[in-house]
Amino acid sequence: MRIAAWNVNSLRARLPRVEAWLAAVCPEVVCLQETKLNDGDFPSGLLESMGYRVAHHGQGRWNGVAVCSRVGLEDVTAGFDDGQPPDPDARLVWATCGGVRVASVYVPNGRALDADHYQYKLAWLRRLRGCLEERHDPSEKLVLAGDFNVAPSDMDVWDIDAFAGLTHVSEPERIAWRDLCEWGLEDVFRLAYPGIAGLYTFWDYQGGRFHKRQGMRIDHILATATLAREVEGIIVDRNARKGPKPSDHAPVVADFRL
DNA sequence: ATGGTAGGTGGCCTA
C-alpha cells in the first residue's frame, strides 16, 4: 500500500499538477494539506474518476485537509474527536483506509516564537497526542501523514544558524513533536535514512531556495511500529517541486507491505 | 537599495 502526504498550497491552483502526479504515482492513499477550499468546492468528481473516495475537512481561504483513498474510506472524523471545543481551523481529518487508520495532519505554522499562534501550535500538538491516548492504541495500524511544521533535528534544515530565533526548530516544538512520537509512532523517513542530512520536503518560494538546496524536512509520515516494520521504501518526490506552478512542498511517498 | 514569492481575498493576511 502506497501512502503519500502532500501540502499542495491551494488545491485549486495545483489541480493540474495534482492530477498528473496522482496518475503517475498512483498512491493508494494520499493525504492533502492546505486545500484552501470549502467542502463544496472540492473537486470530488475528478478524484472519484481516478478511483478515489475522499474525506475533506475544508475551510475556504486557508487550511483544509483531505484523505483520498482507493482502498476504501470508512469512519471519517473531522478535527479533534475529544469532546473539547472544536479547533477553529480545519487541520485534521481521519479515515480508515484498507484497514489502516489514517490522519491528514496540518500543524499550525507558529509564525514567531513570541506569537499567540506559536502557543496554539504547541497546544495543538499536545492535543493531538491526547487524542491518540484517548482513542487509539499503539498496537493499531495507524498513520499520521502531513505537514507538521517541525524540523525534528538540525540535520533537517539547510543551515541551523539561519533559523536562530525562528519557529520550526525551537526546542519546545521539537519536544512536542517527540512527545507525539513517543506515544508509539516512528518517523518512517528518518528510519530509512538515519543520519543523512540535506533531505527536505519544503523549500521557500523566495530566493531560489529549491535550486540552492536550501530546504527543511517538515512533512512527515508517522506510523505505529506494526506498520513501520512493513515499510518497503520511502522517498520525497522532488520532481513535484520542479517546473511550472509547483507547491512549495514536495510529496512524501511511503510503500508498505500490506 | 531591507527587496525577494506565491497563495488566498479584496485593497492585506498567511506561509
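Predicted model, so just to flag it, every value in this text is computed and none were measured. Every chain is numbered from 1, with letters handed out A, B, ... down the list of sequences.
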Given DNA chain B, 5'-ward residue of the pair A:Y106 and A:G60, judged by closest heavy atom: A:G60

P atoms of B:dG3 and B:dT9, separation to the nearest Å: 26 Å

Shortest side-chain distance from A:R111, nucleotide among B:dG7, B:dA15, B:dG10: B:dA15

Length of the line joining A:R209:CZ and B:dT5:P, which is rounded to integer Å: 12 Å

Integer-rounded Å distance: B:dT5 P and A:Q214 CD: 15 Å

Nearest-angstrom distance from the residue atom NE2 of A:H211 to P of B:dT5: 12 Å

B:dG7 versus B:dT2 - spacing of their P atoms, nearest Å: 26 Å

Distance in angstrom units between A:H249 NE2 and B:dA6 C1', rounded: 12 Å

A:A13 or A:E34, whichever maps to the more 5' nucleotide of DNA chain B: A:A13

Sugar-phosphate only, base, or nothing, as touched by A:R14 at under 4.0 Å among non-hydrogen atoms: sugar-phosphate

Integer angstrom distance from the P of B:dG11 to that of B:dA1: 34 Å

N-O pairing of A:R53 and A:E74 below 4.0 Å: no

For atom CD of A:Q59 and atom P of B:dT9, their distance in whole Å: 12 Å

Closest to side chain of A:K36, choosing from B:dA6, B:dG8, B:dA15: B:dG8

Distance between C1' atoms of B:dG4 and B:dG10 (Å, rounded): 23 Å

Interatomic distance where CZ belongs to A:R61 and C1' belongs to B:dC12 [whole Å]: 12 Å

Candidates A:E173, A:H168, A:H220 - the one meeting side-chain hydrogen bond (donor to acceptor under 3.5 Å, both in side chains) with A:N149: A:H168

Electrostatic pair A:D248-A:R209, nearest N-O below 4.0 angstrom: no

Atom pair distance, as rounded to whole Å: CD in A:Q206 and P in B:dG4: 9 Å

Worked check of side chain to side chain contact (heavy atoms under 4.5 Å, CB included) between A:W62 and A:D89: CA-CA 8 Å; A:W62 296 304; A:D89 293 354; over 6 Å; no

Nearest-Å distance for atom pair CG/C1', residues A:L37 and B:dG7: 12 Å

Stepwise side chain to side chain contact (heavy atoms under 4.5 Å, CB included) check, A:V231 with A:I221: CA-CA 11 Å; A:V231 171; A:I221 295 180; over 6 Å; no

